[in-house]
Amino acid sequence: MQILVTGAAGYIGSHVVKQLLEQTDYKIVIIDNLSTGFDSTIETLKSLDTTKSRIKFYNQDLSNWSEIEKIFEENCIKEIIHFAAFSQVAESMKNPIKYYSNNTINTTNLINIATKYGVKKFIFSSTAAVYGEVSSENIPIKESLITNPINPYGSSKLFSESIIKDVASIKNDFKYIILRYFNVAGADLDGKVGECHNPETHLIPLVIKTALGKRESIKIFGDDYDTPDGTCIRDYIHVCDLADAHIEALKYLDTNESDTFNCGYGYGYSVKEVVEMVKKVSNVEFKIEIEKRRVGDPAVLISDNTKIKTKMNWTPKYNDLELICKTALEWEKRI
Ligand code: UDP
């Protein structure tokens, strides 16, 4: 059985491929254009394949429709986990077409080819950004909350969600799981793969780079929010728990119908709490600067994860900010 993983050279995709190698028998076809992912990550994943025959890598862009179709002709792909996408909110506000082209149009094309070649399971990486600004009475956020994205990144993912659902509604044998990620952080406990964005914009890697002296200071974007310490609160999920949700989603579709799930721990930490935790695990004092609020940052984003815990057989194992920061620190020391 072959599974296609798009975007496997990236942060979350690489952790999922590692778990697919360790926990399943799948042969894995990877499509990645290496625009934000790394060739070295593909090499690492190949090195983890003890059989040396389970990974087939295509350096290809999803917009090359005819080339993508050839990959389906050459292989027997019946399942897909689709990560390949752009994911920076600020960039999406400056260049919306880039986001709709890749995240929505290329996803539409992939689904079109997938259904033509008889794909049965489609796992889609979506985001909490589809919810937009959420009022305090709707925290923690349930999947049933009305979606109302406030940036092209969130909209581009939400359009894809709709397309997936519409296609599934007319194709009985095409099933999907949409996973809406909250704040993904941390790194593989073996230290083989980890987070590497260029430019890096996420809080935890930036604080860790500061602790390691790779940056002069960490800027806190706003300390005047309506939260206990004035800084934004986020639900940080360890990337290995998130990767595990994808493996469980594949199994879930064997006996269950298509569905949408939040991926988070249902608990939030403030920016200041994250900074303090990084100080603790690194044992380093570093410079903190309070800046004005970053545009588009909601005060609090916390998932209600009841649905994924009760309906899917997903049990978080690394629900611990200290472990998240430690694994991220160990990874950052290596790169
Ligand atoms: N943040 C910050 N300084 C930084 C990067 C992020 O204060 O250098 C804050 C950001 O304003 C947000 C939280 O950290 O409140 C998480 O931001 P991140 O970009 O990691 O994820 P997001 O929640 O935007 O997806």
Side-chain angles (χ1 to χ4, degrees), residues 1-34 37-60 62 68-85 107 110-111 113-126 164 168 171 173-179 181 184 188-190 192-193 239-259 261 263 308 312-315 317:
M1 170 86 78
Q2 276 172 305
I3 187 165
L4 167 64
V5 182
T6 71
Y11 175 38
I12 304 165
S14 59
H15 287 78
V16 168
V17 170
K18 182 169 182 276
Q19 290 196 14
L20 284 170
L21 287 170
E22 289 167 353
Q23 297 174 23
T24 74
D25 297 326
Y26 283 104
K27 295 224 173 213
I28 304 161
V29 176
I30 292 174
I31 301 178
D32 198 304
N33 65 2
L34 302 180
F38 300 91
D39 202 15
S40 56
T41 305
I42 300 293
E43 291 312 311
T44 303
L45 294 171
K46 283 185 178 166
S47 75
L48 298 172
D49 171 17
T50 48
T51 68
K52 301 290 166 220
S53 64
R54 290 179 60 197
I55 292 184
K56 217 167 163 184
F57 170 53
Y58 293 89
N59 181 346
Q60 191 53 260
L62 287 178
I68 300 299
E69 184 150 4
K70 273 190 211 153
I71 297 172
F72 279 78
E73 276 163 15
E74 283 168 21
N75 298 282
C76 181
I77 296 164
K78 295 294 165 211
E79 305 185 8
I80 299 179
I81 308 181
H82 178 40
F83 294 104
T107 297
L110 180 66
I111 296 165
I113 298 176
T115 50
K116 184 171 165 188
Y117 285 84
V119 167
K120 306 264 179 280
K121 296 180 187 175
F122 193 88
I123 313 298
F124 181 60
S125 86
S126 191
I164 292 165
K171 296 229 176 238
D173 55 348
F174 177 79
K175 292 209 247 179
Y176 68 83
I177 294 290
I178 291 166
L179 297 175
Y181 311 157
V184 191
D188 166 41
L189 273 67
D190 301 339
K192 302 285 186 197
V193 282
V239 64
C240 292
D241 275 334
L242 181 64
D244 191 45
H246 294 74
I247 313 284
E248 290 304 330
L250 291 169
K251 293 184 208 158
Y252 181 84
L253 284 181
D254 285 335
T255 48
N256 296 281
E257 292 311 310
S258 301
D259 213 335
F261 296 94
C263 294
I308 190 165
M312 205 190 274
N313 187 25
W314 180 75
T315 313
K317 297 190 199 76

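Both backbone and side-chain heavy atoms feed into the values below; hydrogens, waters and symmetry mates do not.
Lys251 places no side-chain N or O within donor-acceptor distance of the main-chain N or O of Met312, the cut-off being under 3.5 Å. Side chain of Gln19 to main chain of Cys240: a donor-acceptor pair is present (N/O by atom type, distance under 3.5 Å, no hydrogens or angles). Distance alone, capped at 3.5 Å, places no donor-acceptor pair between the Ser126 side chain and the Ile178 backbone. A donor-acceptor pair is defined here as one N or O able to donate and one able to accept, closer than 3.5 Å; such a pair exists between the side chain of Gln2 and the backbone of Cys76.
When the shell of 6.0 Å around CG of Asp173 is examined, it contains more than 12 heavy atoms from other residues, nucleotides or ligands.
Taking the side chain as every heavy atom from C-beta outward, Thr24 and Arg54 approach each other to under 4.5 Å. Taking the side chain as every heavy atom from C-beta outward, Leu62 and His82 approach each other to under 4.5 Å. Side-chain atoms of Tyr252 and Ile308, non-hydrogen and from C-beta on, never get closer than 4.5 Å to each other. Side-chain atoms of Leu4 and Leu110, non-hydrogen and from C-beta on, do get closer than 4.5 Å to each other. In this structure, Phe174 and Phe122 have side chains that are in contact, with non-hydrogen atoms separated by less than 4.5 Å. Proximity of Tyr26 to Glu79: side-chain heavy atoms (C-beta onward) are separated by under 4.5 Å at one or more points. Side-chain contact check for Ile71 versus Ile113: every heavy-atom pair is 4.5 Å or farther apart. With a 4.5 Å cut-off on side-chain heavy atoms, Phe83 and His246 count as touching.
Salt-bridge formation is not detected for the pair Lys70/Glu73: no Lys NZ or Arg NE/NH1/NH2 atom is positioned less than 4.0 Å from an Asp or Glu carboxylate oxygen. Between Lys18 and Glu22, at least one side-chain nitrogen of the basic residue sits less than 4.0 Å from a carboxylate oxygen of the acidic one, meeting the salt-bridge criterion.
Of all the heavy atoms in Ala249 and Ile123, the pair that sits closest is CB-CD1, 3.9 Å. Heavy atoms only, all atoms of each residue included: Asp244 and Lys317 are closest at OD2-NZ, 3.8 Å. When all heavy atoms of Cys263 and Leu242 are compared, the pair lying nearest together is CB-CD1, 3.5 Å. When all heavy atoms of Asp49 and Ile55 are compared, the pair lying nearest together is OD2-N, 3.5 Å. Residues Ala8 and Ile42 share a closest heavy-atom pair of C-CD1, 4.4 Å. Nearest approach of Ile80 to Ala114, heavy atoms of both residues: CD1-CB, 3.7 Å.
Scanning for salt bridge (Lys or Arg N to Asp or Glu O under 4.0 Å) contacts around Lys46 gives an empty result, with sequence neighbours left out. Ser53 pairs by the side-chain contact (heavy atoms from CB on, under 4.5 Å) definition with Lys27, Thr51, not counting sequence neighbours.
Shown are Thr50, Val16, Ile28; of these, the side-chain contact (heavy atoms from CB on, under 4.5 Å) with Leu21 is made only by Ile28.
Ring-plane geometry between His15 and Tyr11 is classed as perpendicular, the angle between the planes exceeding 60 degrees on a 0 to 90 degree scale with a lower cut at 30.
Between the side chains of Asn75 and Lys56, a donor-acceptor pair is found at a separation under 3.5 Å.
Atom CD1 of Ile68 is separated from atom CD1 of Ile31 by 4.0 Å, given to the nearest 0.5 angstrom. Note that the CD1 atom of Ile30 and the CZ atom of Phe57 stand 7.0 Å from one another [nearest 0.5 Å]. Rounding to the nearest 0.5 Å gives a distance of 8.0 Å between OG1 of Thr115 and CD1 of Ile111. Here the straight-line distance linking atom CD1 of Ile3 with atom NZ of Lys78 works out to 13.0 Å at 0.5 Å rounding.
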Walk me through whether Leu250 and Ile81 qualify under side-chain contact (heavy atoms from CB on, under 4.5 Å). CA-CA 9 Å; Leu250 291 169; Ile81 308 181; 4.1 Å; yes
Given side-chain contact (heavy atoms from CB on, under 4.5 Å), test Ile177 with Phe261 step by step and report yes or no. CA-CA 8 Å; Ile177 294 290; Phe261 296 94; 3.8 Å; yes
Applying side-chain contact (heavy atoms from CB on, under 4.5 Å) to Glu257 and Lys175, what does each step give before you reach the verdict? CA-CA 7 Å; Glu257 292 311 310; Lys175 292 209 247 179; 4.0 Å; yes
Start with the C-alpha gap between Phe38 and Glu43, add the side-chain angles, then the distance that decides, and say whether side-chain contact (heavy atoms from CB on, under 4.5 Å) holds. CA-CA 9 Å; Phe38 300 91; Glu43 291 312 311; over 6 Å; no
